[in-house]
Amino acid sequence: MTSGRATPGTTLDAGDALFTMQLIRYFDERVVELYNQKLVRGSAHPYIGMEAIATGIISALGDQDLITSTHRGHGHCLARGLDPSRMLAEVLGRKSGYCRGKGGSMHITAMEHGMLGADGIVGGSHAIAVGAAYASRLQGRDTVVACFFGDGAANEGSFHEACNLASVLDAPVVFVCENNGWALSTRASSTMRIDDISTRAAGYGFPGVTVDGNDVHAVRAAADEAVARARSGAGPTLIEAKTHRMSAHSAFATGETSTTEELAAWAERDPIEALVRRSISTGELTDEAVAETRVRARAAIEAATEHAVNDEQPDPETAFEDVYASSHWTKEMRLA
Amino acid sequence: MTSGRATPGTTLDAGDALFTMQLIRYFDERVVELYNQKLVRGSAHPYIGMEAIATGIISALGDQDLITSTHRGHGHCLARGLDPSRMLAEVLGRKSGYCRGKGGSMHITAMEHGMLGADGIVGGSHAIAVGAAYASRLQGRDTVVACFFGDGAANEGSFHEACNLASVLDAPVVFVCENNGWALSTRASSTMRIDDISTRAAGYGFPGVTVDGNDVHAVRAAADEAVARARSGAGPTLIEAKTHRMSAHSAFATGETSTTEELAAWAERDPIEALVRRSISTGELTDEAVAETRVRARAAIEAATEHAVNDEQPDPETAFEDVYASSHWTKEMRLA
Amino acid sequence: MSENMMRTISMSEALNEAMHEEMERDDRVFAIGEDIARNGGLFGVTKGLLPRFGAARVIDSPISEAAISGAGVGAALVGSRPVVELQHFDFVTLAMDQLVNHAAKWRYMSGGAVTVPLVVRGPIANGVGLAAQHSQSLESWFVHTPGLVVIMPSTPYDAKGLLKAAIRDDNPTLMLEKRLLYTRTGEVPTGDYVVPIGVADVKREGDDVTVVAISGGVPLALQVARKLEPEGIDVEVIDPRTLKPLDLDTIVTSIAKTGRLVVVSEGARAGGYASEVVARVIDAAWGSLRTAPIRVTAADTPIPYAGPLEREVLPQVHDVMTAVRNVMEKGRTQHVAV
Amino acid sequence: MSENMMRTISMSEALNEAMHEEMERDDRVFAIGEDIARNGGLFGVTKGLLPRFGAARVIDSPISEAAISGAGVGAALVGSRPVVELQHFDFVTLAMDQLVNHAAKWRYMSGGAVTVPLVVRGPIANGVGLAAQHSQSLESWFVHTPGLVVIMPSTPYDAKGLLKAAIRDDNPTLMLEKRLLYTRTGEVPTGDYVVPIGVADVKREGDDVTVVAISGGVPLALQVARKLEPEGIDVEVIDPRTLKPLDLDTIVTSIAKTGRLVVVSEGARAGGYASEVVARVIDAAWGSLRTAPIRVTAADTPIPYAGPLEREVLPQVHDVMTAVRNVMEKGRTQHVAV
Ligand SMILES: Cc1ncc(C[n+]2csc(CCOP(=O)(O)OP(=O)(O)O)c2C)c(N)n1
Ligand SMILES: Cc1ncc(C[n+]2csc(CCOP(=O)(O)OP(=O)(O)O)c2C)c(N)n1
Ligand SMILES: [Mg+2]
Ligand SMILES: [Mg+2]
């Protein structure tokens, strides 16, 4: 029910997309509330205002495809169809969480959804995406990997190495740069002297394209092309989706960043409202359908909250599990 | 006597350039001979065939300027005016070597010549060049830093980060990519899908230019422009100098790489012979001047060899010196 | 004298003062890091530097840990005194090549021709639920890197004095700051002072057991010392402050008195700093030891997110308590040379 | 049986056989690294793989240590078994983030949802005059990284069997190979065998002194054992082979017999693997020790270039000899519990 996963070749289903985007919005609003209630440890990074990107890209993927994610990863997970209850349980560090409470917000992983893992290291998953894509192909699958990352991450050396490696390997990767204008408290414009991050693709010999990251249809169109290219064996594409971070950087780091004017201007371009306006004007959705979708999304978040806050804390002894894989490894060996 | 260091604004002196290039050629031929006589430990990477690059670039620098170098660094050092005797002593691990025998071929450093150090880590000095350039400017000097590196190094993440950082800091750096077609046994064409590495500059918002790396005048012209730009505060430039590695990768790793045809074609374009032909045709040099220059260069190498092979081995106890700077650090503390 | 007036301030305030004073004192000092200028650093260590010293000396960098560390090396080589902030110390994994293969070795490889007066500092955020990639206490890697100085302060006083000493020192120095200590307060004099590098501090004198503790281990050890006082167990707490070079003399002198050693550090157990302290004490003070030293460390697991799990793997007061009781008990049957 | 026929081959040949056999046996195995395909690797470990298994499974990578390690993690996550070569192990400084923050932790952070069957291997080139950036024995960093398995073979037999075991193991495994051992020869059977991970090997039995030696330390220790035989000093040489997890039992059993310990490793002294072995033995075998264990290690300096300097800082036969004589001498005055 939660999925924005369309069959490749189909067009974006407005109702599905709206549901996904609204679910992401409600989820991350709830996470911030729970953080403020001290139920979330560490930090959590809301995807608010960026929902069209995960939704548009992931809707272009098939079941066999994979994604890598970031510290700001809830949106990618939800768009990929992860269970919000188990996600929220993880964010709260509970037993039924996707990582049994070991990962928290920044490390949600769900192989059964082709979600290779969120990553607390900025730029840390670029190369992982390349390796997963290449190896899947080597194993005879026609997997495509969507690799999400921020504008800030595009300045890490890992971006460069991974793009170049993907290029020479013709790895089926779609690099998705979510340019939300900020890296924490620092403006993208002050850490790079280019207008479009997509221009960097030329340095690796593959296509780069910049799209309106608040327009889920535009994102989807770019994704369709990039996914088809990757799947055909022609190699990677860099999609830069321009958007804006409408929330604070994180639940922990709440210092002001954008100006009031900027926020107001971008609020006008809220990706959810934009999708609603468009869908109603094309007749794809009715007001009632929109309202009903929101109620459904809200209900899913309420159910997830109910589940997560009542879920058990993990047993302390489980802290010593999962360090190593082999079943013959003793506790003594794990501590060795 | 040994210098190719022209006053900025002047044009390339053909005689000086020829001397420098010939000195580099003889020096590295001698190093390979000494390696084969087991007088050189580890390895050494000849700059043979690439002499026009170091010579052209460094001739555009002034005394206050700085360079960073690579594993293939002898050419940069000689062009910068280092003493071939002390260089060769270092290559042989002797007492009078630039590093007192601690560095060897890959680590020759001479602050008094603005030579910040060769580097055994491919791509290791990109950021060092940026920091040295920026800090020099911060201290009120109008230093320019030339940062040498190979085509292989352009695939390290350090290249990307340093270029971007230099760009946003307007650091006075000239990035000089010596594209000799090879990284050890691997062709540049198989590890990147672009024709010109200089195209990567666009990703950082500064100019990139490709020049014939076997034409010392062309290199010099590009350097003049880049140095002027950097000195004026307008920021970095990437110069890609296309050349060919005429020798084996190193004295140690001698496996075949280039085809016989390639080597023959590039031999036709030998940078020293090209300079001689041109200088004679323009009347800048006579046959006699050329011959005399070669004799002088040869003599310098003979004298350097005489010095180095007869120089003392370092005292073993000196191995414990130079780990830390402060004079109050005891040996016990150094070993702590 | 007003210059020596004592105030109670937090460790992040103390570090911030050190930055202000050193940048004022020496215009070769500059600061670079992620979010350190406009935002004053995630934990306030660089607060107020931007308006006071300007954007040329207080730089919000791109997210490029390798490049800012390498730029620090280059700047240091030409005579500047850069202070590089790693937003979390775990990100040093991206800067290892610049710190280990460059900063630490450049002087040595050049035969002493250059100096690298670089400071790299940042927080260790264990204990707050930031999970495995933001909670590592990696000091032992750098202790294992000849050429580096490694500092871990446990009090505001030490933090300020050591940061000032590090900035003035000609060696590449890493300072690892436990984030949960940032908000702890302590007495710090106004005015200039330095805490010398390489000198341990006896945080509490005692006759029965020597506890060598670093960083977050120090408050744990002091708490245990207070709790055991009523039982008549007299704990001496030594904070090396500088991990490399280690002030072994102070430790050996203490063990000559107590005959018993517990080492507390928050890094993973295997290959951790506690192992190094034990190995060095075995070299230097074997004859003084009444019983085997005990290491109290983090478990050999990555740091988990959930509270009950994180507390399970990080050293707690009761772990230190148990260790101290243990060496007391076992140390009653003394080893002697026959 | 021809499958167990013994031949004398070099360690690089043994490693090369392991690669051939495992790539033949399991098509999920692939190799990536700098100059490993066309050139067969700088030291021949990947020789002949390209013509046999093709360019898709034997990849000459760009010079991008972080990306190839990270790609290894990604490939392992989806079920491949990548073997990544670092051309020299010192370049691991560029891959630390992928190995430490990703490979080592991915399984744990996911609560056991994933496995990372990755092998990263490469040479340590100390002793050949390649100087500070090409000579580091950095094993102790990885021993300090929960989630990693760390292997250092000292013989062709162990090298082949351990590489095969590592490739089949589901954990991220680092194998550090001393370059000067590549050309040393030893008996290796034809046909398939593995050397189990986590099991030490007693390379020589003896009653008087336990020498725990790894990698290049093993031939040193064996040489010393032979030299001291005529003096009636009977040296037991234990090669842990797997550094993490350590087979402590074998060591403790030996010390119960000898009462004396010398540890030989070629990494820098402070924070090195020898310190870890000493600390663990102190925990587990305090009562058996007649005298303080002695560590024989590299000095706390970067590795210098010139021969006389490099020999001065790296452990030599005479250093091991002195240490063994020392524990023999001191261990005569035995510590006992009173
Ligand atoms: C290697 C690394 N450096 C720094 C950080 C701290 N950090 C976390 S998020 C962030 C900003 C990332 O910006 P961007 O990539 O644009 O992603 P966004 O947060 O805008 O989605 C920073 C600096 C980190 N987690 N990892
Ligand atoms: C980080 C790192 N990776 C690998 C090596 C091994 N290595 C030394 S030189 C070299 C090739 C470098 O190629 P390039 O940058 O083109 O320089 P060239 O040798 O052609 O001058 C390699 C792979 C190294 N020294 N450092
Ligand atoms: Mg951003
Ligand atoms: Mg090259």
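The sequence lines fix the lettering, A, B, ..., with proteins before strands; numbering per chain opens at 1.
- Only the backbone of Ala154(A) comes within contact range of chain B, with heavy atoms under 4.5 Å apart.
- Proximity to chain B is limited to the backbone of Ser190(A), based on heavy atoms less than 4.5 angstrom apart.
- The nearest pair of heavy atoms linking Thr191(A) to Val168(B) is C-CG1, 3.3 Å.
- Classified by interplanar angle (parallel below 30°, tilted 30° to 60°, perpendicular above 60°), the ring pair His160(A)/Phe159(B) is tilted.
- When the shell of 6.0 Å around CD of Gln139(A) is examined, it contains more than 12 heavy atoms from other residues, nucleotides or ligands.
- The only option from Arg193(B), Arg200(B), Met192(B) that meets the side chain to side chain contact (heavy atoms under 4.5 Å, CB included) definition with Tyr204(A) turns out to be Arg200(B).
- Contact count versus chain A (heavy atoms, under 4.5 Å) is highest, among Ser167(B), Gly235(B), Gly208(B), Ala201(B), for Ser167(B).
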